[in-house]
Structures are given as C-alpha cells and as structure tokens.
2 protein chains.
Amino acid sequence: MRHWDEMQRSINLDASESRAKIQDNVYSGLRESLIEGRYDAGQVLTMAALANVYGTSLMPVREALQRLVAEQALIVLPNGSAVVPHINVERLDDICRARVILERSAVEIASQKVSSDDIHDLENIAAQHREIAGLEGAYAMLSMNRRFHFQLYGYAGSSTLLQLIETLWLSMGPYMRLMSRDIEAQIKGGNPIYAGTHNDIIDALRAHDTLRAGDAITADIRATQALLHTILAKS
Amino acid sequence: MRHWDEMQRSINLDASESRAKIQDNVYSGLRESLIEGRYDAGQVLTMAALANVYGTSLMPVREALQRLVAEQALIVLPNGSAVVPHINVERLDDICRARVILERSAVEIASQKVSSDDIHDLENIAAQHREIAGLEGAYAMLSMNRRFHFQLYGYAGSSTLLQLIETLWLSMGPYMRLMSRDIEAQIKGGNPIYAGTHNDIIDALRAHDTLRAGDAITADIRATQALLHTILAKS
DNA sequence: TTTTGTGGGATTTGATCAAATCCGGCTTGC
DNA sequence: GCAAGCCGGATTTGATCAAATCCCACAAAA
C-alpha cells in the first residue's frame with residue numbers, strides 16, 4: 001500500500017507539478033482509464049470503491065470525481081454518485097461533429113508549421129502503431145493511435161485547441177470501449193486492422209497540403225464514427 | 001445565515017437539479033463573476049475569503065475552486081491557492097482563434113436550422129442590447145451581448161459545441177474585464193457603442209446565408225480581439 | 001395484481017481538526 | 001552591504017465524523 005502510493009506520487013512528479021497532491025493521482029488515473037475506454041457505460045463509480053482501489057481516503061476521490069464531472073467525463077446521479085455516461089447515437093454524432101471541426105482545424109494549422117523532423121517523429125509513431133497491430137491487444141493500439149493524433153495536433157501549437165480536443169476524446173471514452181471490444185475480436189479473427197488514414201495524413205503534411213490533410217483527418221474521424229455506428233446497430 | 005442558506009438553495013432548485021449542493025452556488029457564482037470579468041487578472045482567491053463572502057465553510061469553496069481550475073478558468077499557485085490567469089496577448093490570440101473556429105461553425109449550423117420565431121427572439125435580444133447601451137453600465141451590456149451570442153449558438157442544437165464555446169468564454173473572463181473598463185469610459189464620454197455585427201448576423205440568418213452568417217460572427221470576434229489589442233497596447 | 005407507503009442501509013455532503021507546505025521577513029555570517 | 005538560512009504565520013490538503021439524502025426492498029391495502 002505504501003509502496004504503491006509512492007510509485008503513483010513519483011509518476012506525477014514527472015510533470016514537475018508544484019505540489020504533489022494525491023487527488024491528482026486519482027484524477028489522472030481515472031481520466032486515463034476513461035479516455036481509454038476501460039469502464040463500461042452506465043457503470044457507477046462509488047467513492048468508497050475507488051478509495052479502496054487507490055488506497056486512500058474518500059477525500060481525494062471525491063474531489064477527483066467532481067473534477068471529472070466538471071469536464072462532463074462523468075455525470076452525477078440524483079444520489080450524488082458518479083456514473084459513466086450512457087451510450088447514445090445522437091451524442092456520438094454530436095461529439096464527432098465537434099471533433100471534425102476542431103481536429104480538422106488543428107491539422108490544417110499544423111500542416112503549415114510542421115518541420116521534416118516533426119514528420120519523422122510522426123512516421124515513427126505510425127510505424128509503431130502498425131507493428132503493434134498484430135502483437136498486442138486493442139488497448140495498446142488505441143493508446144498508440146491516441147499518441148499519433150495528439151502528437152499531430154500538438155504541431156498546431158495551440159494549447160487551447162489541444163485542451164478542447166482532449167475533452168472531446170474524454171467524452172468518447174465509453175464509445176472507445178465498444179471499439180476496443182470490436183478490435184479485440186478482429187485481432188483474434190486474424191483480420192488486420194485498418195489504419196491507412198495515418199499515411200494519408202503524413203503524405204499531406206509532407207506536401208504542406210492543407211486541404212488534403214484536413215480531408216484525411218476528417219476521413220479518419222468519420223471512419224471510426226461509421227464503425228461505431230455499425231457496432232451500435234448490431235447491439 | 002439560515003435565511004441566506006434557504007434562499008440560495010431555492011435558487012438552485014430553479015434548475016431542478018437533483019440535490020441542491022451549496023458548493024454549486026459557490027461554483028456558479030464564481031463562474032458567472034469570472035465570465036463577466038468581475039475579477040482582475042492575477043487576483044488571488046483564497047478559500048477563507050470566499051468562504052466568508054458566500055457565508056459557508058471552506059469545504060464547498062475548495063471544491064468549487066477545483067472545478068474551475070479543471071476548466072482552466074483559474075490556475076493554482078505553487079502554494080495551492082487559486083489565481084485569475086494573467087493577461088497575455090498570445091493567449092488572447094489563441095483563444096480567439098479557437099473561438100472563430102467553434103463559433104463560426106456553430107453559427108453556420110444554426111443558419112440552416114433557425115425558424116422565423118428564433119430570429120424574432122434574437123431580434124428582441126439585439127434590441128434590448130441596443131437600448132441598454134446608453135442607459136446601463138458596461139456589465140449589463142456585456143451580459144446582454146452574451147445572451148445574444150449563446151441564444152444564437154443554441155440554435156445549432158449541439159450541446160457539445162455549446163459547452164466548448166462556454167469554456168472559451170470563461171477563459172476570456174480576464175480580458176472581458178479590460179473591455180468593460182473601456183466600454184465604461186466610452187459610455188461616460190458619450191460615445192455610442194458599436195454593435196452592428198449583430199444586425200449583420202440576423203440578416204444573414206434570415207436569408208439562411210451560411211457563408212455570410214459565418215463571416216459576420218467572425219467579424220464580431222475579430223472586432224473584440226482588435227479592440228483588446230489596442231487596449232493592451234496602450235497599457 | 002398493482003399501487004402506495006415506510007423503514008433500513010448505503011452514499012454523498014458539509015464541518016472541523018491535524019498535518020504538510022509555502023511565503024514573507026528577520027537574523028546571522030561573510 | 002549582501003546573500004544564505006531559518007523561523008512563524010498563513011494557506012491548502014487529507015482524514016474523520018455527523019447530518020442529509022436517496023435507493024431499494026418489503027409489506028399492506030385497494
């Protein structure tokens with residue numbers, strides 16, 4: 001218990017935050033889990049349970065939960081408990097529409113700024129993403145996919161845009177869970193995963209072709225949206 | 001104290017929220033003050049002082065503050081205290097760039113959905129905005145301006161977009177304070193305030209002219225951005 | 001059978017207290 | 001004179017406890 005606590009604390013010191021608050025560990029842990037779709041939609045997160053998991057008292061947990069509620073990553077029951085938002089096609093479409101708007105703009109800005117070194121880094125990530133596809137599980141793939149996207153968006157150099165996009169990915173959490181299940185099944189079935197849009201994006205960036213880069217990222221978002229639609233239709 | 005408590009509690013029941021938490025009162029009060037630019041940039045908000053203002057203990061205040069920190073409406077000192085973010089031209093431009101992206105998209109979507117009743121409501125708000133210009137202070141004007149904008153963005157029917165835009169306006173808080181001072185000076189000087197873009201927007205909406213509506217809202221944002229630039233240059 | 005009411009358990013919310021941390025000014029030494 | 005170190009007040013953070021609220025199951029009546 002003590003050992004675990006110190007480990008988590010040290011993780012946060014990497015960010016060289018001013019004061020290491022243990023509520024921050026709970027917060028970032030939960031946030032990461034949510035964004036990666038490790039929780040089922042509708043799952044109720046009680047403070048006592050989380051306090052047990054993170055080995056702390058209720059106080060840091062309740063404040064971490066409230067922060068996530070403020071970001072709409074969780075919603076509160078009339079009871080006051082926090083719950084992972086339910087799946088909903090309209091909401092999915094709404095989020096994806098906002099994603100297209102923001103991420104397309106970010107990529108367009110980035111396309112006019114990227115250096116060849118940047119593109120090189122991006123290619124590395126894309127390569128790792130392809131490699132992982134066969135070996136590891138769905139979580140690893142989604143995680144690497146996320147790294148690709150945010151590395152890319154970072155080149156736009158807008159912290160405001162970046163933060164807005166992150167909240168959208170956070171809202172996608174419950175849907176990502178569905179995707180990870182589906183990807184897992186595809187991997188088991190020996191079906192290679194499609195990630196061709198990443199190459200399209202890189203090509204467009206290399207040519208500083210703003211329009212094509214924007215179209216490529218839009219296609220990427222629309223593809224996952226479409227996949228989620230079929231998954232939702234099946235269930 | 002008891003009387004005050006019950007009054008605040010009843011306010012929150014208007015929103016028919018499930019459980020009336022007094023921390024929500026502190027939160028929305030602070031948020032409103034910030035968005036309207038009632039606090040100076042760099043001002044330190046200590047929990048004890050706010051607890052005194054809102055007539056409660058420290059607990060609700062600290063959780064309200066943390067929620068606002070999560071929305072980047074406040075930032076934490078190494079000490080842990082909350083402080084209103086400092087003014088910064090680069091950040092202003094970054095926020096405004098994001099505002100153009102999001103608010104332009106919202107208006108474009110809205111332009112294809114508005115009914116004539118909607119436009120009528122919008123005209124009423126614009127009229128009130130003009131009326132107020134001479135009579136009341138800057139806060140009233142900015143408040144009415146905000147109502148106009150969000151009424152408009154609401155017509156897009158996207159809760160996701162709406163929420164993102166709100167966080168941007170929240171980030172504009174410290175800059176709005178500068179504007180309110182300037183507006184106040186203009187009012188005292190007998191100089192009528194310019195709000196012509198509102199009419200342009202309404203005209204474009206009436207014609208369901210998506211492009212023109214988007215250009216009009218962009219012009220509106222750029223205008224306040226330019227005004228803030230001159231204010232910042234002066235000081 | 002369906003609805004209404006009630007009671008107990010579970011859960012959050014707010015208050016108070018102890019501990020950790022930080023900031024300011026002061027002293028001390030060079 | 002000036003910089004480094006240190007102490008005390010101020011402030012937040014975490015823990016624990018009491019109170020308010022809600023949910024759920026069971027029972028009783030129409």
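Residue numbers begin at 1 in each chain, while the letters A, B, ... track the order of the sequences. Since the model is a prediction, treat every value here as computed from it, not as a measurement.
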message: Any N or O donor-acceptor pair under 3.5 Å from the base of C:dG14 to the side chain of A:Arg62?
response: yes
Nearest-Å distance for atom pair [atom1]/[atom2], residues [X] and [N]:
X	N	atom1	atom2	value
A:Met59	D:dA15	CE	P	8 Å
B:Gln66	D:dG14	CD	P	8 Å
A:Asn52	D:dA15	CG	P	14 Å
A:Asn79	C:dG9	CG	C1'	12 Å
B:Leu58	D:dA15	CG	P	17 Å
A:Leu50	D:dG14	CG	C1'	17 Å
B:Met47	C:dC22	CE	C1'	14 Å
A:Leu77	D:dC24	CG	P	10 Å

Do any side-chain nitrogens or oxygens of [X] fall under 4.0 Å of OP1 or OP2 in [N]?
X	N	answer
B:Ser81	D:dT11	no
A:Gln23	D:dT13	no
A:Ser57	D:dT13	no

Is any NZ, NE, NH1 or NH2 atom of the basic residue among [X] and [Y] found under 4.0 Å from an Asp or Glu carboxylate oxygen of the other?
X	Y	value
B:Lys21	B:Glu63	no
B:Arg67	B:Asp24	yes
B:Arg99	B:Asp220	no

field: Sole residue of A:Ile165, A:Ile221, A:Thr167 in side-chain contact (heavy atoms from CB on, under 4.5 Å) with A:Leu102
entry: A:Ile165
